[in-house]
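This report concerns only the one structure given below.
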Number of protein chains: 2
Amino acid sequence: MEDTMFNDLLASVGEAKEILQHKKQPSRSFMIDEPDAKSIRARLKMTQDEFAGLLNISVNTLRNWEQSRRKPEGPARVLLGIAATHPEVFAH
Amino acid sequence: MEDTMFNDLLASVGEAKEILQHKKQPSRSFMIDEPDAKSIRARLKMTQDEFAGLLNISVNTLRNWEQSRRKPEGPARVLLGIAATHPEVFAH
DNA sequence: ACAAAAACTACGCCATTGACTTACTTATTT
DNA sequence: AAATAAGTAAGTCAATGGCGTAGTTTTTGT
């Protein structure tokens with residue numbers, strides 16, 4: 001595979017860079033402040049086991065999140081946001 | 001916004017579900033076993049500060065990863081994989 | 001070319017999380 | 001109705017994430 005497809009993606013990455021450099025306002029945030037893992041999972045109609053596998057965490061950790069015993073860390077919050085808004089990227 | 005777009009996405013989520021249930025083999029993995037944060041960041045041509053912001057981690061954590069002092073956890077590995085293969089989802 | 005600023009390396013320390021375990025309850029399926 | 005799957009709840013501990021400090025390298029501006 002050539003790099004052309006990857007280079008195409010760099011256009012939107014450039015946008016991401018601008019957003020992060022605060023030169024541009026994001027149309028809508030891709031990060032959720034306090035993501036509700038339970039409701040996101042419910043929308044995707046997955047079991048705890050399935051959703052945990054998707055996020056590459058143990059079921060127990062997902063349960064800790066859903067029961068508000070622990071709260072997901074930074075990267076996990078971003079990942080939950082992606083699961084909520086762009087679940088298709090997990091498929092391939 | 002209606003739910004139609006979201007429902008469209010559910011098709012691919014269904015595929016993700018099948019993959020996770022081991023009923024289907026993924027064409028190619030979306031998760032990297034040992035993601036090299038440094039090289040992924042290099043391809044995206046971002047500074048450590050920018051990339052850390054994208055992943056919602058502190059710069060120090062990214063540095064720990066790049067210098068092999070710590071290794072990213074489950075969800076962070078998935079997120080790095082997405083950054084490598086689908087960086088456009090971070091833009092909006 | 002040179003100084004200033006930005007980017008990066010390196011590491012010590014501590015609070016919080018993630019993973020594992022056990023026990024129990026609720027829902028689903030056959 | 002019994003068996004199986006799914007989910008609630010909570011205790012323990014190692015590893016990570018975040019923060020601080022100090023020094024080095026690279027980039028930028030004049």
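Just so we're on the same page: letters track the sequence lines, and every chain starts at 1.
- The outermost nucleotides of DNA chain D lying under 4.0 Å from heavy atoms of chain B, listed 5' to 3', are D:dT16 to D:dG20.
- With contacts defined as side-chain heavy-atom distances shorter than 4.5 Å, the pair A:E50/A:L44 does not qualify.
- Residues B:T85 and A:V89 are not in side-chain contact: their nearest non-hydrogen atoms beyond the backbone lie 4.5 Å or more apart.
- Residue B:Q48 places at least one side-chain N or O closer than 4.0 Å to OP1 or OP2 of C:dT9.
- Between the CD atom of B:E66 and the C1' atom of C:dT9 there is a distance of 10 Å, given to the nearest Å.
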**Complete:** Under a 4.0 Å heavy-atom criterion, the protein footprint on nucleotides 14-23 of chain C, written with B, S and -, is ---BBBBB--

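- Linking Ile, Leu, Val, Met, Phe, Trp and Tyr residues whenever their side-chain heavy atoms come within less than 4.5 Å leaves A:M46 and A:V59 in two separate clusters.
- Contact of the B:P35 side chain with the B:P72 side chain is registered, since non-hydrogen atoms from C-beta on lie closer than 4.5 Å.
- For the side-chain hydrogen bond (donor to acceptor under 3.5 Å, both in side chains) with A:N64, the lone residue among A:R70, A:K71, A:R69 that qualifies is A:R69.
- The structure places CG of A:N60 at 9.5 Å from CD of A:Q48, a figure rounded to the nearest 0.5 Å.
- Note that CG of B:L62 is 9.0 Å distant from CG of B:D49, once rounded to the nearest 0.5 Å.
- In this structure, the side chains of B:H86 and A:H86 stay at 4.5 Å or more apart for every pair of heavy atoms.
- Here the shortest heavy-atom pairing between A:F51 and A:A37 reads CE2-O, 3.9 Å.
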**Request:** Can you check each nucleotide of nucleotides 24-30 of chain C against protein heavy atoms at under 4.0 Å and return B for base, S for sugar-phosphate only, - for none, in 5' to 3' order?
**Result:** -------

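- No option in A:N56, A:L55, A:I57 other than A:N56 meets the side chain to side chain contact (heavy atoms under 4.5 Å, CB included) test with B:V78.
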